[in-house]
Number of protein chains: 2
Amino acid sequence: MRPYSHFLDQIRLAGLRPTRQRLALAKLLFSGENRHVTAESLHGEAQAEKMRVSLATVYNTLHQFTSAGLLREIVVDAQRSYFDTNTGDHHHFYFEENGMLTDISDDMMSLTKVPEAPEGMAIKSVDIVVRVVEKTQ
Amino acid sequence: MRPYSHFLDQIRLAGLRPTRQRLALAKLLFSGENRHVTAESLHGEAQAEKMRVSLATVYNTLHQFTSAGLLREIVVDAQRSYFDTNTGDHHHFYFEENGMLTDISDDMMSLTKVPEAPEGMAIKSVDIVVRVVEKTQ
DNA sequence: GTGTTTGCAAAGTGTTTGCAATTTA
DNA sequence: TAAATTGCAAACACTTTGCAAACAC
């Protein structure tokens, strides 16, 4: 378990005030393994742990953490936004049936040819989503 | 310009009745080059051409055409759904600043290693989105 | 005629915003 | 105490739905 001060510093370094809510959410997000959350799922978790945080604050915090580079936003479903605590170079499996998202380590996948960006444009990211469904039979 | 009967057959083959609205939308979608549309953009186009189609019908039609395999849905933005008339194997550039989407021909890009699907799952698709922004030079 | 499709307006979903009250520094 | 942050409720954007009228076959 990471020390309390770790989250405190992390938030301060992001230029944000370490409020009770931000600390609570940081603890949920960055304590263990890499995670993929939606605003709803994180809010639900916080409630389950008796942390009092409003859904609006969860949204704000997720966006602030994303701007600060602590999280990465992943677009896989038009219905909801996902945030990934792993900000490194990697791609995703998306389980369409239950909305789950898991990492694909970068060495499991390789892109040998990347197209040049169109005239006057710069590539911001190359996002790969491998959509999977339950095998029938 | 494709003959009228082409769209008629296309819709019939999809198991749908060739109504005035579906024919009009098929004409907009499948007349020229491959296209990327949103419900709003297609509805706007229909209006501009004095075709009377409600937005609800545009949504319904896009989904019906997608189920029928005439269109492919592309997820690049949590805010809106895009539909692509090119149902073949290819990937996309997404211009974040203006919401534009363009095809990347399959030979401009190559994926040499694709991970195995997790236990019990089957890969449905591998979607690559290259996000580009204006070069700040 | 019968079943399908349309269009409207209402409802739904996930997300953002305005603002007074609260908290942080 | 000044500035940032929170939480609520209202507003939002996009999408879906219920249902009577219109249409296709």
Side-chain angles (χ1 to χ4, degrees), chain A residues 4-5 7-26 28 36-47 50-68 70-71 73-83 99 101, chain B residues 4-5 7-28 36-47 50-68 70-71 73-83 98-99 101:
Chain A
Y4 184 83
S5 65
F7 302 120
L8 230 155
D9 293 345
Q10 193 170 209
I11 291 172
R12 283 227 177 85
L13 282 170
L16 299 168
R17 289 186 177 177
T19 61
R20 177 174 59 73
Q21 290 84 340
R22 287 184 184 142
L23 278 165
L25 297 176
L28 289 176
H36 300 92
V37 303
T38 63
E40 291 280 358
S41 78
L42 187 60
H43 184 238
E45 261 183 76
Q47 306 246 288
K50 308 275 187 251
M51 296 165 171
R52 286 173 298 94
V53 193
S54 73
L55 185 56
T57 297
V58 173
Y59 274 106
N60 289 336
T61 303
L62 286 172
H63 286 133
Q64 291 155 352
F65 284 5
T66 301
S67 303
L70 302 176
L71 293 176
E73 190 168 356
I74 312 285
V75 181
V76 282
D77 183 312
Q79 301 319 296
R80 80 197 95 250
S81 299
Y82 285 82
F83 295 84
L101 203 57
Chain B
Y4 184 83
S5 63
F7 302 120
L8 231 154
D9 292 346
Q10 194 171 208
I11 291 171
R12 282 226 178 85
L13 282 170
L16 299 168
R17 289 189 178 174
T19 61
R20 177 175 57 73
Q21 290 85 340
R22 288 183 183 143
L23 278 165
L25 296 176
K27 206 162 121 188
L28 289 176
H36 301 90
V37 302
T38 63
E40 292 278 358
S41 78
L42 188 60
H43 184 239
E45 260 183 76
Q47 306 246 288
K50 309 278 186 247
M51 296 164 169
R52 285 172 299 96
V53 193
S54 75
L55 185 56
T57 297
V58 173
Y59 273 104
N60 289 336
T61 304
L62 286 172
H63 286 132
Q64 291 154 352
F65 284 6
T66 301
S67 303
L70 302 176
L71 293 175
E73 190 169 356
I74 312 284
V75 180
V76 282
D77 183 312
Q79 301 320 292
R80 81 197 93 250
S81 298
Y82 285 81
F83 295 85
N98 65 8
L101 204 56

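Throughout, protein chains are lettered first and strands after them, A, B, ... in sequence-line order, and every chain is numbered starting at 1. Keep in mind that what you see is a predicted model, and the values were worked out from it rather than measured.
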To the nearest angstrom, how far is B:Arg17 atom CZ from C:dT6 atom P? 10 Å

Residue mapping more 5' on DNA chain D - nearest nucleotide basis, B:Pro18 or A:Thr61: A:Thr61

My understanding is that a pair needs two contacts under 3.5 Å, Watson-Crick or G-U wobble. By that rule, which nucleotide pairs with D:dC23? C:dG3

Can you measure B:Asp77 atom CG to D:dA13 atom C1' for me and round it to whole angstrom units? 11 Å

Looking at C:dG7, C:dT6, D:dT6, which one has an atom nearest to any side-chain atom of B:Ala56? C:dG7

Do A:Arg17 and A:Arg22 touch side chain to side chain, with heavy atoms closer than 4.5 Å? yes

Paired with D:dG18 by Watson-Crick or G-U wobble geometry, both distances under 3.5 Å: which nucleotide is it? C:dC8

Are the side chains of B:Val75 and A:Val75 in touch, meaning some heavy atoms are under 4.5 Å apart? yes

Whole-Å distance, A:Leu62 CG to C:dT15 P, equals 10 Å

Does one side chain, of A:Thr61 or A:Gln21, offer a donor that lies under 3.5 Å from an acceptor on the other? no

Whole angstrom value for the distance that separates P of D:dC14 from CD of B:Glu40: 6 Å

Would you kindly give the CZ-to-C1' distance between A:Arg20 and C:dT24, to the nearest whole Å? 13 Å

Going by heavy atoms in the side chains, are B:Thr38 and B:Phe83 under 4.5 Å from each other? no

Assign A:Arg80 to base, sugar-phosphate, or nothing according to its heavy-atom contacts below 4.0 angstrom with the strands shown. sugar-phosphate

Side-chain atoms of A:His63 come closest, of C:dT16, D:dT5, D:dT16, to C:dT16

Residue-phosphate contact under 4.0 Å: B:Thr19 side-chain N/O, C:dT6 OP1/OP2: yes

Look at the side chain of A:Ala39 and decide which nucleotide, out of D:dC8, D:dC25, C:dT15, has an atom nearest to it. C:dT15

With a non-hydrogen cut-off below 4.0 angstrom, is B:Ser81 in contact with a base, only sugar-phosphate, or nothing? sugar-phosphate

Could you give the CD-to-C1' distance, from B:Gln79 to C:dG14, as a whole number of Å? 9 Å

Any side-chain N or O of B:Thr57 below 4.0 angstrom from OP1/OP2 of C:dG7? yes

Which part of the nucleic acid does A:His43 contact within heavy-atom distance under 4.0 Å: base, sugar-phosphate only, or nothing? nothing

Taken to the nearest whole Å, OH/A:Tyr59 to P/D:dT6 is 16 Å

Just how far is it from atom CG of B:Leu42 to atom CG of B:Leu28, taken to the nearest 0.5 Å? 5.5 Å

Residue closer to the 5' end of DNA chain C, B:Arg22 versus A:Thr38 (nearest nucleotide): B:Arg22

Round to a whole Å and report the spacing from CG of B:Asn60 to P of D:dT17. 9 Å

